[in-house]
Asker: 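Below are the structure tokens for one structure; questions will follow.
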Amino acid sequence: AFAMVGGLITPPYVVAKFSIDSFPFAKVELQQYFIVAALITSGIGTIINVLKVEIPFSKKIFGKHLYVGSGLLSVMGTSFTFLPIFEIAILSMKADG
């Protein structure tokens, strides 16, 4: 469980590190906001994925029942994939002024 929470918190922590001026974290409230927003978004995404809600009128339109979510217990969250691109973009924006 701690590894899961660490994986959810680390990407917004890194984003805050590169995007907030006057490193190291002169604006702790903004860093906390990033992390809390990621956790809330992860919770909402996880609830939607676990519930497996049927899309209304999908049987009439497509001839079969379509669902949003898988109905399986899995945690949705932030991803580390975009971090290298984000770091390069922010550093170049700061260099350009």
Side-chain angles (χ1 to χ4, degrees):
F2 287 123
M4 177 181 63
V5 172
L8 295 173
I9 290 175
T10 305
Y13 182 79
V14 173
V15 168
K17 176 182 128 181
F18 279 93
S19 62
I20 298 174
D21 289 334
S22 63
F23 180 77
F25 305 124
K27 301 175 185 173
V28 177
E29 295 84 15
L30 191 57
Q31 177 193 8
Q32 292 171 352
Y33 180 80
F34 282 14
I35 293 172
V36 169
L39 289 173
I40 291 171
T41 305
S42 171
I44 292 170
T46 300
I47 289 170
I48 290 171
N49 191 34
V50 169
L51 287 180
K52 189 176 181 181
V53 179
E54 183 180 348
I55 299 173
F57 306 110
S58 61
K59 179 76 172 167
K60 282 184 177 180
I61 298 171
F62 298 106
K64 62 181 178 178
H65 295 285
L66 300 176
Y67 300 93
V68 175
S70 65
L72 301 172
L73 181 59
S74 61
V75 176
M76 308 301 289
T78 56
S79 174
F80 287 92
T81 307
F82 71 93
L83 286 180
I85 298 166
F86 178 80
E87 291 174 12
I88 293 169
I90 291 297
L91 291 176
S92 68
M93 282 189 245
K94 284 184 175 182
D96 291 343

Asker: Nearest 0.5 Å, what's the CD1-CG distance between I90 and L83?
Answerer: 11.5 Å
Asker: With a 6.0 Å cut-off (strictly less than), is the heavy-atom count around CD1 of I61, excluding the residue itself, greater than 12?
Answerer: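 Count over threshold, so yes.
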Asker: Are V53 and I48 close enough that some pair of their side-chain heavy atoms sits under 4.5 Å apart?
Answerer: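 Result no, sub-4.5 Å side-chain heavy-atom pair not found.
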Asker: Is it true that, when you exclude Y67 itself, more than 12 heavy atoms of the residues, nucleotides or ligands shown sit nearer than 6.0 Å to its OH?
Answerer: yes
Asker: Are I85 and M93 linked, directly or through intermediate hydrophobic residues, by side-chain heavy-atom contacts shorter than 4.5 Å (ILVMFWY only)?
Answerer: no
Asker: Which atom pair, heavy atoms only, marks the closest approach of S58 to H65?
Answerer: OG-CA, 3.7 Å
Asker: Between S42 and G77, what is the shortest heavy-atom contact and its length?
Answerer: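 For S42 and G77, the tightest heavy-atom pair comes out as OG-CA, 3.9 Å.
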Asker: Among V15, V14, L39, which one satisfies side chain to side chain contact (heavy atoms under 4.5 Å, CB included) with F34?
Answerer: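 Exactly one candidate clears the test, V15.
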Asker: Atom OH in Y13, atom CD in Q32: separation rounded to 0.5 Å?
Answerer: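 Interatomic distance, Y13 OH to Q32 CD, rounded to 0.5 Å: 11.5 Å.
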Asker: More than 12 non-hydrogen atoms from neighbouring residues, nucleotides or ligands closer than 6.0 Å to CZ on F80, yes or no?
Answerer: yes
Asker: Determine, using the 4.5 Å side-chain heavy-atom cutoff (strictly less than), whether L30 and F86 are members of one ILVMFWY cluster.
Answerer: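 Yes; tracing contacts between hydrophobic side chains, which count when under 4.5 Å, links both residues.
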Asker: What are the two closest heavy atoms between L8 and V75, and how far apart are they?
Answerer: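 So the minimum-distance heavy-atom pair works out to CD1-CG1, 4.3 Å.
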Asker: Donor-acceptor check, side chain of T46 to backbone of M76, threshold 3.5 angstrom: yes or no?
Answerer: yes
Asker: Do V50 and M4 sit in the same hydrophobic cluster, where Ile, Leu, Val, Met, Phe, Trp and Tyr count as joined when their side-chain heavy atoms come under 4.5 Å apart?
Answerer: no
Asker: At their closest point, which heavy atom of T78 faces which heavy atom of G7, and how far apart are they?
Answerer: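 For T78 versus G7, the nearest heavy atoms are OG1-O, 3.7 Å.
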